[in-house]
Amino acid sequence: MLTLDHLTVAYDGTDAVRDASLVVPDGSVVAVLGPSGCGKSTLLRAVAGLEPPTSGTISWDGADLAGVPTHRRRFAMMFQDGQLFGHLTVARNVGYALRLRRTPDAAARVADLLGLVGLDGYADRLPGTLSGGERQRVALARSLAADPRLLLLDEPLSALDAGMRERLAGDLDRILRAAGTTTLVVTHDQEEAFALADRLVVMRDGVIVQQGAIADVWAAPADAATALFLGYARVLDGAAAATVLRAAGLPASSSVAVRRSALTVAEPSVTDGGASGVGAGLVGVVRSTRATPDQVRLVVDVDGVGEVDAVATPGAPTAPGERVALAVEPARLAPIGG
Ligand code: ADP
Ligand code: MG
(Lines give C-alpha, C1' and ligand atoms only; values in the text may rest on other atoms or scores of the structure.)
(Ligands and ions follow the chains in the order given, each with its own letter.)
Protein backbone atom coordinates (compact mmCIF):
# COMPACT_ATOMS: atom_id res chain seq x y z
CA MET A 1 0.00 0.00 0.00
CA LEU A 2 1.22 3.48 -0.91
CA THR A 3 0.79 6.22 1.69
CA LEU A 4 1.41 9.95 1.26
CA ASP A 5 1.44 11.72 4.60
CA HIS A 6 1.32 15.53 4.56
CA LEU A 7 3.45 15.64 1.40
CA THR A 8 4.67 19.04 0.23
CA VAL A 9 6.78 19.51 -2.91
CA ALA A 10 8.09 22.97 -3.85
CA TYR A 11 9.97 24.41 -6.82
CA ASP A 12 12.16 27.39 -5.89
CA GLY A 13 10.22 27.98 -2.69
CA THR A 14 6.78 27.81 -4.32
CA ASP A 15 4.60 24.86 -3.30
CA ALA A 16 3.38 22.80 -6.29
CA VAL A 17 1.86 20.18 -3.93
CA ARG A 18 0.93 21.21 -0.40
CA ASP A 19 0.15 18.97 2.57
CA ALA A 20 -1.23 16.09 0.49
CA SER A 21 -2.29 12.92 2.28
CA LEU A 22 -3.73 9.87 0.54
CA VAL A 23 -3.47 6.10 0.39
CA VAL A 24 -3.54 3.69 -2.54
CA PRO A 25 -4.64 0.30 -1.12
CA ASP A 26 -3.21 -2.87 -2.68
CA GLY A 27 -4.95 -3.84 -5.89
CA SER A 28 -6.91 -0.59 -6.16
CA VAL A 29 -6.90 2.14 -8.78
CA VAL A 30 -6.87 5.67 -7.37
CA ALA A 31 -7.27 8.70 -9.63
CA VAL A 32 -6.03 12.19 -8.81
CA LEU A 33 -8.23 14.56 -10.78
CA GLY A 34 -7.56 18.28 -11.18
CA PRO A 35 -7.10 21.05 -13.74
CA SER A 36 -3.88 21.59 -15.62
CA GLY A 37 -1.13 23.05 -13.45
CA CYS A 38 -2.66 21.95 -10.12
CA GLY A 39 0.34 19.76 -9.25
CA LYS A 40 -0.68 16.28 -10.43
CA SER A 41 2.51 15.44 -12.31
CA THR A 42 4.59 16.82 -9.47
CA LEU A 43 2.81 14.52 -7.02
CA LEU A 44 3.36 11.53 -9.31
CA ARG A 45 7.02 12.41 -9.87
CA ALA A 46 7.55 12.67 -6.12
CA VAL A 47 6.06 9.19 -5.67
CA ALA A 48 8.39 7.90 -8.38
CA GLY A 49 11.36 9.46 -6.59
CA LEU A 50 11.99 12.03 -9.31
CA GLU A 51 11.23 15.09 -7.13
CA PRO A 52 12.31 15.31 -3.48
CA PRO A 53 9.59 16.16 -0.95
CA THR A 54 10.03 19.48 0.86
CA SER A 55 8.25 17.95 3.84
CA GLY A 56 6.02 14.99 4.63
CA THR A 57 6.58 11.36 3.73
CA ILE A 58 5.93 8.85 0.97
CA SER A 59 5.90 5.27 2.21
CA TRP A 60 5.23 1.76 0.97
CA ASP A 61 3.74 -0.72 3.46
CA GLY A 62 4.81 1.65 6.22
CA ALA A 63 8.46 1.96 5.10
CA ASP A 64 9.58 5.52 4.28
CA LEU A 65 10.89 5.75 0.70
CA ALA A 66 12.95 8.91 1.34
CA GLY A 67 16.29 7.22 0.82
CA VAL A 68 15.16 4.82 -1.90
CA PRO A 69 16.19 5.81 -5.44
CA THR A 70 13.73 5.63 -8.33
CA HIS A 71 14.97 2.35 -9.80
CA ARG A 72 14.78 0.61 -6.41
CA ARG A 73 11.15 1.49 -5.74
CA ARG A 74 9.77 -1.15 -8.10
CA PHE A 75 7.28 1.40 -9.44
CA ALA A 76 6.61 1.84 -13.16
CA MET A 77 5.61 5.14 -14.71
CA MET A 78 3.77 5.65 -17.96
CA PHE A 79 3.34 9.04 -19.61
CA GLN A 80 0.71 10.67 -21.81
CA ASP A 81 2.67 9.95 -25.00
CA GLY A 82 3.96 6.50 -24.05
CA GLN A 83 7.55 7.33 -24.98
CA LEU A 84 8.34 4.13 -26.89
CA PHE A 85 11.73 3.49 -28.45
CA GLY A 86 10.99 4.22 -32.11
CA HIS A 87 13.73 2.00 -33.51
CA LEU A 88 12.73 -1.10 -31.50
CA THR A 89 9.93 -3.49 -32.40
CA VAL A 90 6.85 -3.79 -30.20
CA ALA A 91 8.24 -7.00 -28.66
CA ARG A 92 11.61 -5.40 -27.90
CA ASN A 93 9.93 -2.35 -26.40
CA VAL A 94 7.79 -4.53 -24.14
CA GLY A 95 10.71 -6.79 -23.24
CA TYR A 96 13.12 -3.94 -22.50
CA ALA A 97 13.08 -4.25 -18.71
CA LEU A 98 13.16 -8.05 -18.92
CA ARG A 99 16.33 -8.00 -21.05
CA LEU A 100 17.98 -5.53 -18.66
CA ARG A 101 17.39 -8.00 -15.86
CA ARG A 102 18.17 -11.07 -17.99
CA THR A 103 14.81 -12.51 -17.03
CA PRO A 104 14.39 -16.15 -18.11
CA ASP A 105 11.38 -16.89 -20.35
CA ALA A 106 11.33 -13.24 -21.44
CA ALA A 107 9.83 -14.11 -24.83
CA ALA A 108 6.91 -15.98 -23.26
CA ARG A 109 6.31 -13.15 -20.81
CA VAL A 110 6.27 -10.61 -23.68
CA ALA A 111 3.77 -12.77 -25.56
CA ASP A 112 1.56 -12.94 -22.46
CA LEU A 113 1.68 -9.17 -22.02
CA LEU A 114 0.86 -8.52 -25.68
CA GLY A 115 -2.11 -10.83 -25.29
CA LEU A 116 -3.18 -9.00 -22.13
CA VAL A 117 -3.23 -5.63 -23.91
CA GLY A 118 -4.91 -7.07 -27.01
CA LEU A 119 -1.90 -6.85 -29.33
CA ASP A 120 -1.33 -10.48 -30.32
CA GLY A 121 0.41 -10.46 -33.68
CA TYR A 122 1.99 -7.03 -33.22
CA ALA A 123 5.36 -8.27 -31.91
CA ASP A 124 7.39 -7.35 -35.00
CA ARG A 125 5.77 -3.99 -35.76
CA LEU A 126 7.62 -0.71 -35.24
CA PRO A 127 5.96 2.00 -33.12
CA GLY A 128 5.74 4.34 -36.12
CA THR A 129 3.29 1.94 -37.80
CA LEU A 130 0.84 1.91 -34.85
CA SER A 131 -2.18 4.07 -33.99
CA GLY A 132 -2.04 6.24 -30.90
CA GLY A 133 -4.16 3.80 -28.94
CA GLU A 134 -1.99 0.85 -29.96
CA ARG A 135 1.13 2.75 -28.91
CA GLN A 136 -0.36 3.43 -25.48
CA ARG A 137 -1.19 -0.24 -25.08
CA VAL A 138 2.42 -1.15 -25.94
CA ALA A 139 3.59 1.41 -23.37
CA LEU A 140 1.28 -0.14 -20.80
CA ALA A 141 2.57 -3.65 -21.55
CA ARG A 142 6.12 -2.35 -21.21
CA SER A 143 5.26 -0.78 -17.83
CA LEU A 144 3.70 -4.02 -16.61
CA ALA A 145 6.61 -6.15 -17.85
CA ALA A 146 8.78 -5.18 -14.91
CA ASP A 147 6.04 -6.51 -12.60
CA PRO A 148 5.86 -3.23 -10.67
CA ARG A 149 4.28 -3.16 -7.23
CA LEU A 150 2.80 0.23 -8.20
CA LEU A 151 1.87 1.60 -11.61
CA LEU A 152 1.97 5.39 -12.05
CA LEU A 153 -0.01 6.74 -14.99
CA ASP A 154 0.27 10.39 -16.04
CA GLU A 155 -2.73 11.32 -18.23
CA PRO A 156 -2.55 7.96 -20.06
CA LEU A 157 -5.36 8.71 -22.51
CA SER A 158 -5.11 12.46 -22.96
CA ALA A 159 -3.07 12.39 -26.17
CA LEU A 160 -5.71 10.29 -27.97
CA ASP A 161 -8.67 11.52 -29.98
CA ALA A 162 -12.13 11.20 -28.41
CA GLY A 163 -13.23 7.87 -29.92
CA MET A 164 -9.90 6.20 -29.25
CA ARG A 165 -9.86 7.59 -25.73
CA GLU A 166 -13.22 6.04 -24.93
CA ARG A 167 -12.25 2.62 -26.29
CA LEU A 168 -8.87 2.57 -24.61
CA ALA A 169 -10.40 3.71 -21.31
CA GLY A 170 -12.49 0.52 -21.33
CA ASP A 171 -9.47 -1.59 -22.33
CA LEU A 172 -7.24 0.00 -19.73
CA ASP A 173 -9.81 -0.60 -17.01
CA ARG A 174 -10.06 -4.28 -17.98
CA ILE A 175 -6.27 -4.68 -18.25
CA LEU A 176 -5.59 -3.10 -14.86
CA ARG A 177 -8.21 -5.34 -13.24
CA ALA A 178 -6.83 -8.43 -14.99
CA ALA A 179 -3.26 -7.59 -13.98
CA GLY A 180 -4.39 -6.67 -10.46
CA THR A 181 -1.77 -3.94 -10.39
CA THR A 182 -2.04 -1.24 -7.73
CA THR A 183 -2.33 1.99 -9.72
CA LEU A 184 -2.16 5.73 -9.13
CA VAL A 185 -3.37 7.65 -12.17
CA VAL A 186 -3.42 11.44 -12.53
CA THR A 187 -5.59 13.21 -15.07
CA HIS A 188 -7.43 16.46 -15.81
CA ASP A 189 -10.15 14.48 -17.59
CA GLN A 190 -13.03 13.47 -15.32
CA GLU A 191 -14.23 10.81 -17.77
CA GLU A 192 -10.82 9.19 -17.72
CA ALA A 193 -10.88 9.20 -13.93
CA PHE A 194 -14.39 7.76 -13.78
CA ALA A 195 -13.61 5.06 -16.32
CA LEU A 196 -10.58 3.76 -14.43
CA ALA A 197 -10.68 4.47 -10.73
CA ASP A 198 -12.19 3.05 -7.55
CA ARG A 199 -11.32 6.12 -5.55
CA LEU A 200 -11.11 9.73 -6.57
CA VAL A 201 -8.83 12.41 -5.16
CA VAL A 202 -9.75 15.92 -6.30
CA MET A 203 -6.89 18.41 -6.41
CA ARG A 204 -6.85 22.17 -6.93
CA ASP A 205 -3.95 24.65 -6.68
CA GLY A 206 -1.66 22.03 -5.18
CA VAL A 207 -4.12 21.00 -2.47
CA ILE A 208 -6.37 17.95 -2.13
CA VAL A 209 -9.88 19.36 -1.74
CA GLN A 210 -11.82 16.09 -1.55
CA GLN A 211 -11.31 12.34 -1.75
CA GLY A 212 -13.44 9.24 -1.44
CA ALA A 213 -15.19 6.49 -3.36
CA ILE A 214 -16.10 7.75 -6.83
CA ALA A 215 -19.85 7.56 -6.28
CA ASP A 216 -19.59 9.44 -2.97
CA VAL A 217 -17.54 12.29 -4.42
CA TRP A 218 -19.89 12.44 -7.38
CA ALA A 219 -22.99 12.57 -5.19
CA ALA A 220 -21.62 15.16 -2.76
CA PRO A 221 -18.96 17.47 -4.23
CA ALA A 222 -17.14 19.40 -1.50
CA ASP A 223 -17.75 22.83 -3.03
CA ALA A 224 -19.01 24.62 -6.13
CA ALA A 225 -15.67 24.59 -7.96
CA THR A 226 -15.35 20.84 -7.43
CA ALA A 227 -18.89 20.27 -8.69
CA LEU A 228 -18.25 22.27 -11.86
CA PHE A 229 -14.96 20.47 -12.40
CA LEU A 230 -16.73 17.11 -12.05
CA GLY A 231 -19.07 18.11 -14.89
CA TYR A 232 -22.10 19.56 -13.16
CA ALA A 233 -23.53 22.23 -15.47
CA ARG A 234 -24.31 24.89 -12.85
CA VAL A 235 -24.31 25.56 -9.15
CA LEU A 236 -27.36 27.46 -7.86
CA ASP A 237 -27.52 29.35 -4.57
CA GLY A 238 -30.12 30.90 -2.29
CA ALA A 239 -33.71 31.12 -3.52
CA ALA A 240 -32.86 29.42 -6.83
CA ALA A 241 -31.38 26.44 -4.99
CA ALA A 242 -34.39 26.28 -2.66
CA THR A 243 -36.84 26.25 -5.59
CA VAL A 244 -35.03 23.47 -7.45
CA LEU A 245 -34.56 21.36 -4.32
CA ARG A 246 -38.24 21.75 -3.41
CA ALA A 247 -39.28 20.72 -6.94
CA ALA A 248 -37.04 17.64 -6.57
CA GLY A 249 -38.48 16.77 -3.20
CA LEU A 250 -35.07 17.14 -1.53
CA PRO A 251 -34.26 18.85 1.80
CA ALA A 252 -33.18 22.49 1.73
CA SER A 253 -29.50 23.32 1.30
CA SER A 254 -27.57 26.56 0.73
CA SER A 255 -26.43 25.52 -2.78
CA VAL A 256 -27.17 22.79 -5.26
CA ALA A 257 -25.11 21.51 -8.19
CA VAL A 258 -27.24 20.63 -11.20
CA ARG A 259 -26.33 18.29 -14.03
CA ARG A 260 -27.69 19.24 -17.43
CA SER A 261 -29.60 15.96 -17.51
CA ALA A 262 -31.30 16.73 -14.18
CA LEU A 263 -33.87 18.92 -15.91
CA THR A 264 -35.93 17.45 -18.74
CA VAL A 265 -38.60 19.16 -20.80
CA ALA A 266 -41.72 17.27 -19.76
CA GLU A 267 -44.17 15.72 -22.18
CA PRO A 268 -47.31 17.83 -22.81
CA SER A 269 -49.42 15.57 -20.60
CA VAL A 270 -47.09 16.41 -17.75
CA THR A 271 -47.42 20.13 -18.53
CA ASP A 272 -51.17 19.73 -18.21
CA GLY A 273 -50.83 18.61 -14.63
CA GLY A 274 -50.49 14.87 -15.11
CA ALA A 275 -47.04 14.77 -13.54
CA SER A 276 -46.29 11.89 -11.26
CA GLY A 277 -43.19 10.50 -9.64
CA VAL A 278 -40.51 13.04 -10.48
CA GLY A 279 -41.41 15.90 -8.17
CA ALA A 280 -43.55 18.94 -8.74
CA GLY A 281 -41.55 20.25 -11.72
CA LEU A 282 -40.55 23.72 -12.79
CA VAL A 283 -41.86 26.09 -15.45
CA GLY A 284 -39.87 28.52 -17.60
CA VAL A 285 -39.25 30.14 -20.96
CA VAL A 286 -36.86 28.56 -23.47
CA ARG A 287 -34.00 30.99 -24.20
CA SER A 288 -31.93 28.93 -26.64
CA THR A 289 -31.71 25.44 -28.09
CA ARG A 290 -29.02 23.33 -29.68
CA ALA A 291 -29.73 19.96 -31.31
CA THR A 292 -27.40 16.98 -30.89
CA PRO A 293 -28.03 13.51 -32.39
CA ASP A 294 -29.49 12.17 -29.12
CA GLN A 295 -31.17 15.13 -27.51
CA VAL A 296 -31.88 18.83 -27.67
CA ARG A 297 -29.89 20.94 -25.22
CA LEU A 298 -31.62 24.03 -23.97
CA VAL A 299 -31.16 27.02 -21.75
CA VAL A 300 -34.42 27.74 -19.93
CA ASP A 301 -35.23 30.81 -17.81
CA VAL A 302 -37.12 29.13 -15.00
CA ASP A 303 -39.58 31.05 -12.79
CA GLY A 304 -37.98 31.72 -9.42
CA VAL A 305 -34.66 30.17 -10.49
CA GLY A 306 -33.18 31.97 -13.50
CA GLU A 307 -31.30 30.40 -16.39
CA VAL A 308 -30.58 26.69 -16.16
CA ASP A 309 -29.47 23.99 -18.61
CA ALA A 310 -31.92 21.30 -19.60
CA VAL A 311 -32.47 18.57 -22.15
CA ALA A 312 -35.39 17.48 -24.31
CA THR A 313 -36.03 14.54 -26.57
CA PRO A 314 -35.87 15.48 -30.27
CA GLY A 315 -39.29 16.69 -31.43
CA ALA A 316 -40.37 18.09 -28.06
CA PRO A 317 -41.86 21.62 -28.18
CA THR A 318 -38.68 23.54 -27.52
CA ALA A 319 -38.47 26.70 -29.65
CA PRO A 320 -37.00 29.83 -28.05
CA GLY A 321 -39.74 31.89 -26.42
CA GLU A 322 -41.97 28.90 -25.62
CA ARG A 323 -43.04 28.14 -22.08
CA VAL A 324 -42.20 24.61 -21.00
CA ALA A 325 -42.52 22.46 -17.91
CA LEU A 326 -39.37 20.77 -16.63
CA ALA A 327 -39.26 17.52 -14.70
CA VAL A 328 -36.50 17.29 -12.09
CA GLU A 329 -34.46 14.11 -11.50
CA PRO A 330 -33.28 14.24 -7.85
CA ALA A 331 -30.41 11.75 -8.41
CA ARG A 332 -28.79 14.24 -10.78
CA LEU A 333 -28.66 17.04 -8.24
CA ALA A 334 -26.01 17.38 -5.55
CA PRO A 335 -26.80 19.57 -2.53
CA ILE A 336 -23.72 21.47 -1.36
CA GLY A 337 -23.07 23.02 2.00
CA GLY A 338 -25.93 21.53 4.08
P1 ADP B 1 -0.21 19.30 -13.57
O2 ADP B 1 0.47 18.01 -13.85
O3 ADP B 1 -1.39 19.19 -12.66
O4 ADP B 1 -0.55 20.04 -14.83
P5 ADP B 1 2.39 20.13 -12.57
O6 ADP B 1 2.68 19.25 -11.43
O7 ADP B 1 3.06 19.83 -13.86
O8 ADP B 1 0.82 20.26 -12.76
O9 ADP B 1 2.79 21.62 -12.16
C10 ADP B 1 2.35 22.20 -10.95
C11 ADP B 1 2.98 23.57 -10.81
O12 ADP B 1 4.38 23.45 -10.65
C13 ADP B 1 2.78 24.47 -12.00
O14 ADP B 1 2.61 25.79 -11.54
C15 ADP B 1 4.06 24.33 -12.77
O16 ADP B 1 4.33 25.49 -13.52
C17 ADP B 1 5.06 24.13 -11.67
N18 ADP B 1 6.21 23.30 -12.10
C19 ADP B 1 6.13 22.05 -12.60
N20 ADP B 1 7.36 21.54 -12.86
C21 ADP B 1 8.25 22.51 -12.51
C22 ADP B 1 9.67 22.63 -12.53
N23 ADP B 1 10.44 21.60 -12.96
N24 ADP B 1 10.22 23.77 -12.09
C25 ADP B 1 9.46 24.80 -11.64
N26 ADP B 1 8.11 24.76 -11.59
C27 ADP B 1 7.50 23.65 -12.02
MG1 MG C 1 0.79 17.01 -15.67
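All ligand and atom numbering here is 1-based and tracks the order in the structure.
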Whether the side chain of [X] engages the backbone of [Y] through a donor-acceptor N/O pair (distance < 3.5 Å, no angle test) should be reported.
X	Y	answer
R73	V68	yes
N93	F85	yes
D105	A108	no

Contacts satisfying side-chain hydrogen bond (donor to acceptor under 3.5 Å, both in side chains) that involve residues 16-32 (not counting sequence neighbours) are H6-D19
Ring pair (Phe, Tyr, Trp, His ring centres under 6.0 Å) filter on W218, not counting sequence neighbours, yields F194, Y232
key: Connected via hydrophobic side-chain network under 4.5 Å: V32 and F75   = yes
Same cluster for V9 and I208 if Ile/Leu/Val/Met/Phe/Trp/Tyr side chains link at under 4.5 Å? yes
Pocket residues around ligand 1 (non-hydrogen, under 4.0 Å) come out as Y11, A16, P35, S36, G37, C38, G39, K40, S41, T42
Counting only protein N, O or S atoms and ignoring waters, those under 2.8 Å from the Mg ion (ligand 2) are S41 OG
* **Short N-O contact, R323 and D303, less than 4.0 angstrom** => yes
- Item | Side chains of S41 and D154, donor plus acceptor under 3.5 Å | yes
